[in-house]
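Heads up, the thing below is written out as C-alpha cells.
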Amino acid sequence: MVPMNQWIKIKAPATVANMVCGFDILGFAVNNPYDEMEMQMVERLPNEASVKIINIDHYNLPTDPEKNVAGAALIALIEEYAERFASTRPAGVPNNVGFDVKINKLIKPGSGVGSSAASSAGAVVGANHLLGKPFSNDDLVRFAMNGEKLASGVKHADNIAPCIFGGVTLVRSIFPLEIIALPSPELHVTIVHPQIEVKTSDARSILKHQVLLKDAIKQWGNIAGLVAGLMKKDYDLIGRSLEDVIIEPVRSILIPGFDALKIACKKAGALGGGISGSGPSIFMLSKGKETALAVEAEMIKLYTGLGLAHHTYVTTINEKGVEVIN
Ligand code: HSE
C-alpha cells in the first residue's frame, strides 16, 4: 500500500487489438507509444466525486469522471472495493477513498492502438497499487472494460487484457472473464497511423452481423494457426495465419491505400499484418529490426505519395504491461 496523498507514476502501453484474424479476442502490447499518468489516493468528503481527472495533454478529453474512460474504470473499482473490502480495509485506506489522476496522453485518441484502453488500464493498475493490490489482474480487466464500453459502446477486452498483462493475450470469454497469456517469439512491430479519424463505434457499426460458414471456417483456421504459430515460434505459420476474411474486407475501405500498403510491406519482408484494432492505424509484424525498418520505409513512401500526413512507430512487443514506476 502507498500512503495517502503520495503520487505514483504509471506507464500504460499502446496495444494492437484483433491481431488481424482474432476480432475482439486477440491483442498484444507494444513498447512504443505509451501514456504517462500520475495518481494519488485521497480521502473524499461524502458529497465529493470519488475521482478527479486532470488532463496534462492538449486533447481536451472530458474531465467529468463518468464521461472519462479512466474515470469510468475507477468508479467501477471503487464501488467493488467498498462492497468486498468494507471490513478488511487496511488502516491507511480512508473510508471514503478517492483518486486524483493526471493523464498525459502520448497515444493519440482514435488512432487504433488502444488509447482508451491505456487510460482505463493504467488507472485501475495504479489504483490497485495504491490500495495494496487487493484485486487480481482479471478483476482489473473487468473494471477497465467500463472505460471501453464508454468509448465504443461495447465491453471488449482485447486491448485492455494485453495492456494489463503485457505480451500477447487471448480473451477466451468475457462473461465469465477468461484471459490466457500467450507466449510470443521475438517480433518487431511497425505501425503507421495515417492522420484520419475512424471512430471505433463507427468501425463497429458497419460490420455485418452474419458470417458465411465457409468464411467462419477460414477464420477459425487462421486463429488456431496464429495461436499455434506463437506457441511453436513458427514465424511462417504466424505470417500465413495473419489473414482476416470477415472484418478487414469491410473496414479496410475506410483506410486509404490499405491494400497497396499491405502488398508493399509484405514485399519488403513483413510476415503479415493488417488493421490495428478498429483503425486507422495499420501494423505489420517482422522477424528482425532491419525488416521492420524496411517496412516502415514502405509505409512512409506510400502515404507520402498519397499526400496523407502520417506517423510511424518501429517497436517490439511489450511483455510487462502497465508499469508503476515508483
Ligand atoms: N476489437 C475492437 C474492434 C478493438 O476491432 O472494434 C477496437 O477497440
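Quantities reported herein were computed from a predicted structural model and do not represent experimental measurements. Remember, it's 1-based here, ligands and their atoms both numbered in the order they're listed.
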Going by the order shown, which atoms of ligand 1 are within less than 4.0 Å of some heavy atom of [X]?
X    : answer
G277 : 5 (O)
F23  : 3 (C), 5 (O), 6 (O)
R204 : 1 (N), 2 (C), 3 (C), 6 (O)

At under 4.0 Å between heavy atoms, is it the side chain or the backbone of R251 that contacts ligand 1, or both, or neither?
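Just the side chain.
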
How close does the nearest protein non-hydrogen atom get to atom 8 (O) of ligand 1, and which residue and atom is it?
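The protein heavy atom lying closest is H156 CE1, 3.0 Å.
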
Taking D24 for the side chain and H156 for the main chain, is one N or O donor matched with an acceptor at less than 3.5 Å?
no

Test your reading of the model: is there a side-chain donor-acceptor pair from S281 to the backbone of S111, 3.5 Å cut-off?
yes

Based purely on interatomic distance, does E148 place a nitrogen or oxygen under 3.5 Å from a nitrogen or oxygen of ligand 1?
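Not met; the criterion fails.
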
For ligand 1, is there an N or O atom under 3.5 Å from any N or O atom of T200?
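In this structure, T200 places no N or O atom under 3.5 Å from an N or O of ligand 1.
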
Relative to the ring of Y303, is the ring of H310 parallel (under 30°), tilted (30 to 60°) or perpendicular (over 60°)?
tilted

What do you reckon, is CE of M231 surrounded by more than 12 foreign heavy atoms closer than 6.0 Å?
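No - once you tally the heavy atoms of other residues, nucleotides and ligands closer than 6.0 Å, there are 12 at most.
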
Side chains of L74 and V101: closer than 4.5 Å at any heavy-atom pair?
yes

Ignoring hydrogens, just give me the one of D24, V113, I247, N159 whose non-hydrogen atom is nearest atom 2 (C) of ligand 1.
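Checking each option, the heavy atom nearest atom 2 (C) of ligand 1 is found in D24.
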
Looking at E296 and K289, is there a salt bridge between them, counting it only when a charged N and a carboxylate O are closer than 4.0 Å?
no

